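Presented below is the structure to which this report refers.
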Amino acid sequence: MSTTTQTDREPHAGEPHRRPVVDTAQYVLAGFLVVVGAYVVYDATGLEDGFSDQPVQPYAFPYVVGAVLVVLGVLLAIATRRGDVAEAEDGEDVDLTTGSDWATVAKLAALFVLNIALIDWLGWAITGAVLFAGTAYVLGSRTPVRDLAVGAALSVGTFYGFYVGLGLPMPAGILDGVL
Amino acid sequence: MDLLLEGFQTALTPTNLLFAVIGVLLGTMVGVLPGIGPAMTVALLLPITYNVSPSSAVIMFAGIYYGGMYGGSTTSILLNTPGESSSVVTAIEGNKMAKVGRASQALATAAIGSFVAGTIGTVLLVLLAPTVADVVVKLGAPSYFAIMLLALFAVTAVLGSSKLRGFVSLFLGLAIGLVGTTTGQARLTFGRPQLADGIDIVVVAVAIFAIGEALWVAAHLRRKPLEIIPVGQPWMSREDWGRSWKPWLRGTAYGFPFGALPAGGAEVPTFLSYITERKLSKRPEEFGKGAIEGVAGPEAANNASAAGTLVPLLAIGLPTTATAAVILLALQSYGIQPGPQLFSAEPELVWGLLASLFVANTLLLVLNLPMAPMWAKLLQIPRPYLYAGILFFASLGAYSVNFAAFDLGLLLVFGLLGLAMRRFGLPVLPLIIGVILGPRLEEQLSQALAISQGDVSTLWGEPVAVVVYLVIVLILVGMVASRLRGGNGPSGPGGDPEAGSDASTDRERLSA
């Protein structure tokens, strides 16, 4: 019933397993859970008693949820120490036999941040196209002109789709008056 | 019966028929496509609830649900890399069949089996859901509270290989559900007015399903293309029919009850069906080399369980699968509260939906048999475009909620959480169910205690509540017992160590 499926993500996976493999990164997750749980509890300490028609105090649920999160974090840390390795999710396009390519993820996240920063100013019709072309490029597409064209068609298409089809005018940003 | 006929009148209007066709096609498409599933698709389509009538939207979403189930099997037969956990078992025999040149027969038995199981499952749903709703509508808040606890607990503890990770996921979801000012005071809002109404569940769902998945795939994208087995027109010989029809029926018998249980899911019944067919087969030696029974049974179980999950969704308002959870969100965005009152409050919607399930099933059969070769071609879509498209539509989906850049920020944060969840093997479903049911749990508890004027004993004052708590204790005891017998696994949420009592039947059900 344990979940110790060996995933060859550690660079030294070739060596024989004399001592249990420790999934060090899982300590980070455990720490994250403790921090989130502690913050939930801390946030709840700032709440006042509810009104007289509130039989369940507003801080009751947060106390329970926060405390359990802290306990789960500690349990996860203990399990990690005992050699519990996460069973990473598989999928059609997922190849777990090679290492993780975090640089690609970082680039995608950067494109996301760019979209967030610019969307109010430039509008979805532009940032959406950039988002599509940019992510396609990061993921290995090498036809930037075509990607941009496809992206622009998608973003302008969805802009009008929302406007005409759903009656929802999207903020047009810099193209206000043009679209 | 009259109600169902009226339902057909709703479902067969040209508009709704069109939505059913779109739903079925879209569902099959995303079922076939890697990296995107029915839950994500429905989540991305939630904006249409702003301008489309509830019946049409729900009919389309149901079509996507059924279509996705079917499309998933195509992928696992032709690729041997099942995208959804429910089609893992189909891949075992299905891909072997495809490799020896029987892809057409595998696809045919999957399609026809899905139709048979889906139709029987829908009949059972029509018979069962109103009855369950009639019973449930009489229950008070204490019983609801208990049933919700059971659903949360069962989805977390029964599914998935690691209980500890299930609970981690669930409590993260519950924490997300706390955000907002529902109690009159701001909880976990970080002083941001955008969080006063809570975190929009659409944003959470899209982030966890779509962004998390796309980022995870991006970190592990296959460098060499997968081998796809070409396929012609699906067909079956007389012998294949003879070998398929019993597994279809047995698969349905496994699938529907499991789907209808609060712990739902298609993993257990598909697996049980596979084991049964292997045992009953006159040619057990063919298993592992491409036995058609091994595709027919699990595929039927898969689809029957999809129909089964609609029983708790419609009759109690409890989602037990990711797609059901997102469909629930869609209903809520119309201001419709799924639950026992649904049948009396929204008869047109409910019966239209039920009737449309029959329509969707028929459409799937009619469309999918001739279109199988075309669906197979979808597997060759360039991956950069596929995942760029997913990120694009996910951003659009989150942005469309309020047209606020803030939501896109939330999308990224929760997308990274979704990525981490996939890295650390945290199941997605408990988190989503936690976000949805957490606030409702608090509401029911408040209601129960308000009526009893703070007397806690009201919580076990209703017989149904007592039974439900007993079931929870039984599952807990079963878990502890199986742990004690199966050696000391490292993980576990430290349940009461009151093992020793005989819960072996329960245990077998859990460990199967």
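Just so we're on the same page: letters track the sequence lines, and every chain starts at 1. Keep in mind that what you see is a predicted model, and the values were worked out from it rather than measured. Heavy atoms only: backbone and side chains are in, while hydrogens, waters and symmetry mates are out.
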Compare all side-chain heavy atoms of [X] with those of [Y] and state whether any distance is below 4.5 angstrom.
X	Y	answer
L172(B)	L69(A)	yes
H220(B)	S100(A)	yes
F167(B)	L75(A)	no
V56(A)	Q447(B)	no
F61(A)	L445(B)	yes
L76(A)	F424(B)	no
D93(A)	L386(B)	yes

Part of [X] within contact of chain B (heavy atom distance under 4.5 Å):
X	value
F162(A)	side chain
A60(A)	neither
L118(A)	neither
R146(A)	both
I116(A)	both
Y137(A)	neither
V138(A)	neither
L33(A)	side chain

Ring geometry between F392(B) and W124(A) (parallel below 30°, tilted from 30 to 60°, perpendicular above 60°): tilted
What option among [options] has the most heavy-atom pairs under 4.5 Å with chain B?
options	answer
S141(A), G140(A), G128(A), P62(A)	P62(A)
L108(A), V28(A), V68(A), V150(A)	V68(A)
T80(A), L47(A), V105(A), V40(A)	L47(A)

Let me know if [X] has heavy atoms under 4.5 Å from chain A in its side chain, its backbone, both or neither.
X	result
I176(B)	neither
E213(B)	side chain
A186(B)	backbone
F406(B)	neither
A420(B)	neither

Shortest non-hydrogen separation from [X] to [Y] and the atoms involved:
X	Y	answer
P55(A)	S446(B)	CG-O, 3.3 Å
A218(B)	L139(A)	CB-CD2, 3.6 Å
G425(B)	A86(A)	N-CB, 4.2 Å
P171(A)	Y399(B)	CG-OH, 3.6 Å
T135(A)	A388(B)	OG1-CB, 3.3 Å

Heavy-atom donor-acceptor pair, W216(B) side chain to E89(A) backbone, under 3.5 Å: yes
Polar side-chain atom of Q185(B) near backbone of E48(A) as donor-acceptor pair, under 3.5 Å: yes
Step-by-step ring pair (Phe, Tyr, Trp, His ring centres under 6.0 Å) determination, F132(A) to Y387(B): CA-CA 9 Å; F132(A) 181 88; Y387(B) 290 101; over 10 Å; no
Euclidean distance, W102(A) CH2 relative to L419(B) CG, rounded to 0.5 Å: 5.0 Å
Carboxylate-amine/guanidinium contact D43(A) R187(B), below 4.0 Å: no
Considering only heavy atoms and a distance below 4.5 Å, find which of [options] pairs most often with chain A.
options	result
L391(B), L396(B), L178(B)	L396(B)
L441(B), L416(B), L412(B), L188(B)	L188(B)
G438(B), S395(B), G184(B), G454(B)	S395(B)

